[in-house]
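Residue numbers count from 1 along this sequence.
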Amino acid sequence: MGAKGEGTRARLVAATRVPIEARGYFGTGLNQVLAESGAPRGSLYFHFPAGKDQLVAAALAEAGQEIGELITSAGKEHPDALAAVRATLTALADRMELSGYAKGCPLAAVALETAAGHEELRRVCAEAYERWQQALAALLAAEGRTPAAAEAAAGAVLAHLEGALLLARVRHSRLPLDQAARTVEWILAQY
């Protein structure tokens, strides 16, 4: 595929990421995505022959990769796992606040809507969450925790992070994420 084709595909994915994060799978229409991307309908089905599910899966995978890279990058930029997790929470709070609370977890809305009925989308979300947990576990293992303790602590931190994102978005306040950043130290001390 040429550069033009890759550009069209990238525009379609980017135009899908915004509404699925803000309104979920069922609140995102293909006409809206086409209008936002500027791509013709034929390009949508050329790049995503399976239609909306395939397009949304690509958007979720890209968003999941982005957050995974955010966690990994925070680990490289900060001296310890606690500082890296706090930096990740701050970055997510800033992202949410800048979007007027339209953005939260880029997977959550679709994950909740489709977990029981869209196996491909459930799988993409599960894989992204697993990558995030593994990125967190790598930070924790680098500090000397056993693999089992690092995995358990990463799971607890990820669950805490997801809950804080939900509460912050619903309340239109970064306070739950700021509070989560303060309580991560207690969570990590348990493992």
Side-chain angles (χ1 to χ4, degrees), residues 10 13-14 16-26 28 48 50 52-78 80-93 95-96 103-169 176-177 180-181 183-191:
V13 171
T16 303
R17 285 185 56 184
V18 173
I20 63 169
E21 184 171 353
R23 292 183 297 284
Y25 178 85
F26 296 110
T28 300
F48 303 98
K52 184 176 179 179
D53 282 3
Q54 188 180 14
L55 174 61
V56 170
L60 291 170
E62 184 178 282
Q65 181 71 28
E66 185 178 286
I67 300 299
E69 289 170 3
L70 173 69
I71 295 166
T72 301
S73 175
K76 292 176 182 174
E77 294 172 11
H78 292 86
D80 57 50
L82 176 60
V85 171
R86 285 180 171 163
T88 300
L89 284 161
T90 298
L92 291 170
R95 178 180 180 275
M96 183 180 285
K103 292 184 176 183
C105 170
L107 308 176
V110 174
L112 291 171
E113 287 178 326
T114 63
H118 290 78
E119 180 56 26
E120 179 185 3
L121 299 180
R122 184 209 61 77
R123 182 187 49 73
V124 170
C125 290
E127 288 171 358
Y129 283 129
E130 179 63 23
R131 280 192 305 275
W132 299 355
Q133 186 166 340
Q134 292 308 311
L136 290 166
L139 296 176
L140 298 167
E143 292 184 339
R145 287 177 178 82
T146 67
E151 183 72 23
V157 168
L158 181 57
H160 194 58
L161 182 148
E162 280 296 304
L165 282 168
L166 175 63
L167 291 173
R169 189 165 178 205
L177 286 161
T183 60
V184 166
E185 183 174 10
W186 181 85
I187 293 170
L188 295 182
Q190 305 309 304
Y191 296 93

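For the side chain to side chain donor-acceptor pair (under 3.5 Å) condition, no pair includes a residue of residues 104-117, sequence neighbours left out. The ring-ring contact (aromatic ring centres under 6.0 Å, His included) analysis of residues 119-155, with sequence neighbours excluded, yields the pairs Tyr129-Trp132. Sorted by first and then second residue, the side chain to side chain donor-acceptor pair (under 3.5 Å) pairs with a member in residues 134-159 read Glu130-Gln134, Gln133-Glu151, Gln134-Glu151, Glu143-Arg145; sequence neighbours excluded.
Under a 4.0 Å N-O distance rule, the pair Arg123/Glu127 qualifies as a salt bridge.
Among all heavy-atom pairs drawn from Leu60 and Pro106, the shortest one is CD2-O, 3.8 Å. Shown here for Ala150 and Ala141, the closest heavy-atom pair between the two residues is CB-N, 3.8 Å. For Val13 against Ala59, the heavy-atom pair with the smallest separation is CG1-CA, 3.7 Å. Closest heavy-atom contact between Leu107 and Gly64: CD2-N, 4.3 Å. Across Leu139 and Gly75, no two heavy atoms sit closer than the pair CD2-CA, 3.3 Å. The shortest non-hydrogen separation linking Leu140 to Ala154 is CD1-N, 3.6 Å.
For Ala83, the side-chain contact (heavy atoms from CB on, under 4.5 Å) test picks out His78, Pro79, Asp80, with sequence neighbours left out. For Leu166, the side-chain contact (heavy atoms from CB on, under 4.5 Å) partners are Val170, not counting sequence neighbours. Taking Ala109 as the reference, nothing meets the side-chain contact (heavy atoms from CB on, under 4.5 Å) condition, with sequence neighbours excluded.
A donor-acceptor contact shorter than 3.5 Å links the side chain of Arg95 to the backbone of Gly104. With hydrogens and angles disregarded, no donor-acceptor distance shorter than 3.5 Å links the side chain of Arg23 to the backbone of Thr28.
Rounding to the nearest 0.5 Å places CD1 of Ile20 at 8.5 Å from CG of Leu121. Within the model, atoms CG of Leu55 and OG1 of Thr16 stand 3.5 Å from one another, a figure rounded to the nearest 0.5 Å. Taking NE2 of His160 as the start and CD1 of Ile187 as the end, the distance is 4.0 Å to the nearest 0.5 Å. The CG atom of Leu89 sits 9.5 Å away from the CG atom of Leu70 when rounded to the nearest 0.5 Å.
Residues Arg17 and Glu66 are in side-chain contact: their nearest non-hydrogen atoms beyond the backbone lie under 4.5 Å apart. Annotation: side chain of Tyr25 is in contact with side chain of Val56 (closest heavy-atom distance under 4.5 Å). In this structure the side chain of Val85 never reaches within 4.5 angstrom of the side chain of Leu161, judged on heavy atoms.
Of the residues listed (Lys76, Glu69, Glu77), the one engaging Ser73 in a side chain to side chain donor-acceptor pair (under 3.5 Å) is Glu77, and it is the only one.
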